[in-house]
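These notes are about the structure you will find just below.
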Amino acid sequence: MTHLTVRSVKIWLGFLDRAAQEAMRDAVADVVTQAPYFRPVTPRGKPMSVRMSAAGAFGWITDARGYRYEPAHPDGQPWPAIPPEILNVWRAVSDCDRAPECCLINSYAGTARMGLHQDKDEADFGCPVVSISLGDDGLFRIGNTTRGGKTESIWLSSGDVAVLGGDARLAYHGIDRIRPGSSTLLPEGGRINLTLRVVT
Ligand code: MD6
Ligand code: FE
């Protein structure tokens with residue numbers, strides 16, 4: 001299978017076929033039954049437009065105390081295990097010996113977006129961040145490892161997998177908008193993005 005490279009980000013278009021996307025959708029639904037979506041609030045007090053949950057040893061959260069990884073959901077329960085179908089994607093594309101310790105789950109509806117940011121709350125940048133898109137298309141913007149300068153954008157569709165490693169590990173990136181109604185995968189519509197990372 002072949003990938004395209006946009007600013008050192010490796011993008012595998014159509015990595016998951018429809019049956020694999022459905023299995024992953026169902027596995028994610030099972031995780032969020034145990035660890036319900038919540039709306040994180042930035043340290044400056046602004047609620048994010050995406051809803052989040054997580055699986056694995058750690059989940060990433062933000063609230064008045066700042067951005068960080070936590071071993072438990074805000075309700076106090078440990079995060080569910082990362083489903084095996086999701087771990088299989090990591091094994092296939094990460095080129096990393098370590099297992100992912102966090103599968104962050106971002107849910108986008110309507111006008112939800114994610115501003116340009118770096119993933120830099122992890123202790124080790126040797127492994128990539130692997131991202132899986134499910135449901136509606138999302139416009140993914142990729143910039144530089146410092147703020148500012150030119151960016152490039154690509155629509156990510158259901159089943160696409162993006163790998164931010166090497167020179168792209170600390171690249172700024174974000175989702176400008178989704179295209180509501182572009183996929184039939186999720187019963188309520190919208191987009192789910194899964195990001196797998198080594199945290200410690
Ligand atoms: C998203 N993704 O696609 C947001 N982070 O909804 C990310 O923030 C992201 O796609 C690190 C690596 C890949 C990503
Ligand atoms: Fe990110």
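Counting starts at 1 for both ligands and their atoms, following the listed order.
- Near Val129, with a cut-off below 4.0 Å to any heavy atom, the atoms of ligand 1 are 11 (C), 12 (C).
- Contact of the Trp155 side chain with the Ser133 side chain is not registered, since no non-hydrogen atoms from C-beta on lie closer than 4.5 Å.
- Heavy-atom contacts of Tyr108 reach the following atoms of ligand 1: 1 (C), 4 (C), 6 (O) (cutoff under 4.0 Å).
- Less than 4.0 angstrom separates some heavy atom of Ser131 from each of these atoms of ligand 1: 10 (O), 13 (C), 14 (C).
- Scanning the protein for heavy atoms near atom 9 (C) of ligand 1, the closest one is His173 NE2, 3.2 Å.
- Remark: Asn144 CG is packed, more than 12 non-hydrogen atoms of other residues, nucleotides or ligands lying under 6.0 Å away.
- For ligand 1, the atoms closer than 4.0 angstrom to any heavy atom of His117 are 8 (O).
- A tilted orientation is assigned to the rings of His173 and Phe140, their planes being inclined by 30° to 60°.
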**Message:** Using side-chain contact (heavy atoms from CB on, under 4.5 Å), reason through Ile61 and Arg68 one step at a time and then give a plain yes or no.
**Reply:** CA-CA 6 Å; Ile61 70 165; Arg68 63 195 184 278; 3.6 Å; yes

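- Checking only distances, Arg197 never comes within under 3.5 Å of ligand 1, N or O to N or O.
- Near Asp119, with a cut-off below 4.0 Å to any heavy atom, the atoms of ligand 1 are 5 (N), 11 (C).
- Screening the protein for N, O or S atoms under 2.8 Å from the Fe ion (ligand 2) yields 3; no waters enter the count.
- With sequence neighbours excluded, the residues that form a salt bridge (charged side-chain N to carboxylate O under 4.0 Å, His left out) with Arg98 are Glu101, Asp124.
- For ligand 1 and Asn193, the ligand atoms under 4.0 Å from any heavy atom of the residue are 1 (C), 2 (N), 3 (O), 4 (C), 6 (O).
- Taking any N or O of Arg191, backbone or side chain, at least one lies under 3.5 Å from an N or O belonging to ligand 1.
- Residue Phe140 has at least one heavy-atom neighbour below 4.0 Å for each of these atoms of ligand 1: 10 (O).
- Residues Val161 and Leu185 fall within the same hydrophobic cluster, defined by Ile, Leu, Val, Met, Phe, Trp and Tyr side chains chained together at heavy-atom separations under 4.5 Å.
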